Each structure stands twice: as structure tokens, then as C-alpha cells.
Colleague: 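So that we are looking at the same thing, I have put the structure below in C-alpha cells.
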Amino acid sequence: LAKRTHKTTFKSKTPKAIKEIKKFAEKAMGTKDVRISTDVNKFVWSQGVRNPPKRIRVRLSRKRNEDEDADEKLYTLVEHVQVASFKGLENETIDA
């Protein structure tokens with residue numbers, strides 16, 4: 001998140017971080033409808049509006065939309081994954 005919120009005014013750093021998480025999920029999963037869980041939102045806002053966390057580990061899952069009148073058939077759910085350290089992590093693809 002640090003490189004995506006660099007050179008942003010203080011009061012818009014954390015809102016921009018949330019938008020960047022949504023943009024990342026949209027690009028990675030190919031769905032326009034992206035929903036962020038409350039855990040991710042609380043973690044990003046935990047240090048206030050001026051100082052979002054430098055890194056965050058998230059799990060992206062593509063789910064079927066239950067609404068009949070929805071524009072998109074699928075949506076992406078962004079969930080927070082607690083990690084002790086960010087060293088040596090790699091992407092994991094989990095098939096359901």
C-alpha cells in the first residue's frame with residue numbers, strides 16, 4: 001500500500017488505500033463488483049487517516065452473486081489474512 005499512497009495528502013491516504021485494494025482485486029479477479037470485509041477495513045483504518053499500514057496480506061475469493069437483478073454474476077470478496085512476517089511469502093492459488 002505504501003507505494004500506491006505515496007505523495008498523497010494526509011487526509012486522503014487511507015481512503016486511497018481502500019480504493020487501491022479494490023482496484024487490485026478488480027484487476028486480479030476480473031470482476032467489477034468488489035466487496036471488502038470489515039476486517040480489512042478495520043486493519044487499514046487502525047492507524048488512522050494519515051498513516052495506513054505499509055503492507056497487507058489479503059485473500060481474494062470470487063463468489064456467486066445471490067441477487068437476481070444484479071448486473072454481475074460474480075463478485076470478489078477481499079478478506080484479511082494475519083501474518084507474523086511478510087518475509088518469504090508467495091502467492092497461493094486455492095481451488096474450491
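It should be emphasised that the depicted structure is a prediction, and the values quoted were computed from it without experimental measurement.
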Colleague: Please tell me whether Leu77 and Val40 are part of a single hydrophobic cluster in this structure, the criterion being side-chain heavy atoms less than 4.5 Å apart.
Modeller: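 Unlinked, Leu77 and Val40 end up in two clusters.
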
Colleague: In Å and rounded to the nearest 0.5 Å, what is the NZ to OG1 distance from Lys16 to Thr8?
Modeller: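 OG1 of Thr8 is found 4.0 Å from NZ of Lys16.
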
Colleague: Grouping I, L, V, M, F, W and Y whenever their side-chain heavy atoms are under 4.5 Å apart, do Val81 and Leu89 come out in a common cluster?
Modeller: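 Cluster IDs for Val81 and Leu89 match.
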
Colleague: Tell me, please, which residues at least two apart from Thr5 pass side chain to side chain donor-acceptor pair (under 3.5 Å).
Modeller: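 Checked Thr5 against side chain to side chain donor-acceptor pair (under 3.5 Å); zero matches.
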
Colleague: Is Thr9 reaching over with its side chain to a backbone N or O of Lys11, donor-acceptor style, under 3.5 angstrom?
Modeller: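 It does not hold such a pair.
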
Colleague: Quick test of your reading: applying salt bridge (Lys or Arg N to Asp or Glu O under 4.0 Å), list the pairs with at least one residue in residues 71-81, sequence neighbours left out, ordered by first then second residue.
Modeller: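 Those involving residues 71-81 do not exist here.
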
Colleague: Do any pairs count as a ring pair (Phe, Tyr, Trp, His ring centres under 6.0 Å) and have a residue in residues 62-87, sequence neighbours left out, and if so which ones?
Modeller: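 Passing the test, one end in residues 62-87: Phe43-His80.
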
Colleague: Run the side-chain donor-acceptor check on residues 17-28: report pairs under 3.5 Å with partners two or more places apart or on a different chain.
Modeller:
| residue | atom | partner | partner atom | Å |
| --- | --- | --- | --- | --- |
| Glu26 | OE2 | Lys32 | NZ | 3.4 |

Colleague: For residues 47-59, please give each side-chain donor-acceptor pair under 3.5 Å, one per line with the distance, not counting sequence neighbours.
Modeller:
| residue | atom | partner | partner atom | Å |
| --- | --- | --- | --- | --- |
| Arg57 | NH2 | Glu90 | O | 3.2 |

Colleague: If you look only at pairs with a residue in residues 33-46, which of them pass as a side-chain hydrogen bond (donor to acceptor under 3.5 Å, both in side chains), with sequence neighbours excluded?
Modeller: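 Sorted pair list: Asp33-Arg35, Arg35-Asn65, Asn41-Trp45.
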
Colleague: Is it possible for you to say whether Val34 and Met29 belong to one hydrophobic cluster, with membership spreading through side-chain heavy-atom contacts below 4.5 Å?
Modeller: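 The answer is yes; both residues are in one hydrophobic cluster.
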
Colleague: Less than 4.5 Å apart, side chain to side chain, heavy atoms only: is that true for Leu74 and Lys63?
Modeller: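 Not in contact.
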
Colleague: If you link ILVMFWY side chains whenever their heavy atoms are less than 4.5 Å apart, which other residues fall into the same cluster as Phe10? By chain and number, please.
Modeller: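 Same cluster as Phe10: nobody, lone residue.
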
